[in-house]
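See structure below.
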Amino acid sequence: MPETPTKSMDEIVALCRRRGFIFQSSEIYGGINGFWDYGPMGTELKRNLKAAWWRDVVRGENTGPHGESVHVVGVDCTIIMNPKVWEASGHVGGFNDPMVDCRESKARYRADHLTVLGASDASARLYAFIENDTDQRERAVKALLKYEKCEALDPARHIVRPFTQLTAADRARCIGPDAKDAGTLTEPRQFNLMFKTNVGAIEDPSNMAYLRPETAQGIFANFENVTNSTRVRVPFGIAQIGKAFRNEVTPRNFTFRSREFEQMEVEFFIHPSEATEWYSWWRDQRFAWWQSIGLSGANLQLREHDRDELAHYAKAGAGTSDIEYRFPFSAPGFGELEGVAHRGDYDLQQHAEHSGRRDKMKYFDAEKNERYFPHVIEPSAGADRGTLALLCEAYTKDESRPSGVYMKFHPRMAPVKAGVFPLVNKDGLPEIAEKLFKQLRKRHNCEYDPKQTIGKRYARMDEAGTPFCITVDTDTLTSQAVTIRHRDTQQQERMSIDAVDSWLSDQVGEG
Ligand code: GAP
């Protein structure tokens, strides 16, 4: 069993705010629950993640399970689509979470996230808390012990069970996570997660539309357009990066569960007979990709779903797995970063049926003279969860450094690739440093900083996770060499100023 990480989420959130990674949306007005803004550092970090995904998944030279070249093309679809799309996909009827309201605190919880602690006898008080929330759990334990006037939990008497198993009589004696009185939690009710809006000047049910809850359906709805307008042949993929919106009942854990977030999805269309090979290929490829960008330790795992966990579209498929990261708030458990699912031909069939384009939406293989609905393997990743995992993984305490902490980003992901400094802000050094900075900046995001002591400048760069600092000193005037300081080892080396540009490109790679 790998060790539980000791990183503090509060400290990571504080660093994100202090160094301009992530801010609360509309903070000056008190924020808005479930919405987050990226500051200058966070924007670069998330852009690097998305750019690496696009480069590796869409434009990468990948070899498939039978030695073939893997072909993926991109689309960029609208957030608001014809509402019939969401009827066909099953989201209008089935994209629901069971929700519980607290009449006292007005808080709302996902029923399947609530756990209840209490004695088994019918008159005892029950205390609800959000699963995996250690603070709430501790509060519930304390309150129970105080109420029952005992020192410690008694495993024979005190049991933990899901809130969804409670009867109405149980709920009447249950105290909600943020309540003082018993009986204030409602019965679970289904709540559709799609945000609604109106298209056009008049607010009327006839022009009601939804903000897309996943980017995938834009791809399925364009399947025929893409096959007709390009030379793609099965097997091939259509990729999309874009915003998705879900009116989550309980947005929480920083950006992990947000109401507005970005997805990076591929729908990979295959012949039904090849589902198993392609499913395994994508699952392994995606797991290796997250490792390649810095999540290589024990905090990353691949988890195959049990059959009873499978989504409606994946029931009869070759499999579904999650790539999971052990976030500080989920530890010792893991949270999902990406799902890889065999969706069968569910979506194409649904759209063919609902749009009335039955046979037209089928793929025609001219060589085999075969017309069929391809099956789909879907790797669906979250760009915000990925960014959050990179932040949590990078956060490294080091009391020996002035900053006390540094962000150990993979150089390819680091928001700033190099800091360029004149050792002193005079004697012709700033001019040389600025010239080098302007040259490097053409290809890489770099920062020029002529102020403060060199130690303070290193500390700023350590907190931003900048892998290299390049210093121009008085020796540079004669030797034409600069000092490169490596973030992780803090070791320094001298390098000819002319060699720095191509050396830096080798270190950080391309986007
Ligand atoms: N098309 C399939 C699909 O949307 P999903 O598991 O619901 O599947 C895919 O979402 C990914 O989107 C998740 O693995 C996660 O990374 C991200 N995601 C989903 N809901 C999210 C939320 N509320 N906040 C942030 N990211 C979310």
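Counting starts at 1 for both ligands and their atoms, in listed order. Note that the structure is a prediction, hence the values are computed from the model and not measured.
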**Message:** Exactly one of Lys408, Arg18, Arg17, Arg487 should register a salt bridge (Lys or Arg N to Asp or Glu O under 4.0 Å) with Glu463. Which one does?
**Reply:**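 Of Lys408, Arg18, Arg17, Arg487, salt bridge (Lys or Arg N to Asp or Glu O under 4.0 Å) with Glu463 is met by Arg18 alone.
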
**Item:** Atom of Gly335, atom of Ser330 and distance for their closest heavy-atom approach
**Value:**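 For Gly335 versus Ser330, the nearest heavy atoms are N-OG, 3.9 Å.
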
**Prompt:** If you look at every heavy atom in Glu262 and Lys46, which pair is closest and at what distance?
**Reply:**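 Glu262 and Lys46 have their closest heavy atoms at OE1-NZ, 2.7 Å.
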
Taking both backbone and side-chain atoms of [X], is any N or O found less than 3.5 Å from an N or O belonging to ligand 1?
X      : result
Gly382 : yes
Phe256 : yes
Ser258 : yes
Glu378 : yes

**Part of Gln217 within contact of ligand 1 (heavy atoms, under 4.0 Å)** =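 Neither part.
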
**Asked** Does the gap between the ring centers of Phe373 and Tyr363 come in under 6.0 Å?
**Response**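 When the ring centroids of Phe373 and Tyr363 are compared, they turn out to be at least 6.0 Å apart.
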
**Asked** Quick one: are the ring centres of His271 and His375 less than 6.0 Å apart?
**Response**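 Not close enough - the centres of the two rings lie 6.0 Å or further apart.
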
**Asked** Does Asp384 have a heavy atom less than 4.0 Å from any atom of ligand 1?
**Response**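 No, Asp384 has no heavy atom closer than 4.0 Å to ligand 1.
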
**Prompt:** Quick one: does Arg259 get a heavy atom under 4.0 Å from ligand 1?
**Reply:**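 Judged by the 4.0 Å heavy-atom criterion, Arg259 does not count as contacting ligand 1.
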
**Request:** Kindly indicate whether a cation-pi arrangement holds for Arg343 with Phe220, taking the cut-offs as under 6.0 Å to the six-membered ring centre and within 45° of the axis.
**Result:**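 Because its charged atom misses either the 6.0 Å distance or the 45° angle limit, Arg343 does not stack over Phe220.
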
**Message:** Counting only heavy atoms, tell me which of Met264, Glu324, Gln263, Glu265 gets closest to atom 1 (N) of ligand 1.
**Reply:**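 It is Glu265 that holds the nearest heavy atom.
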
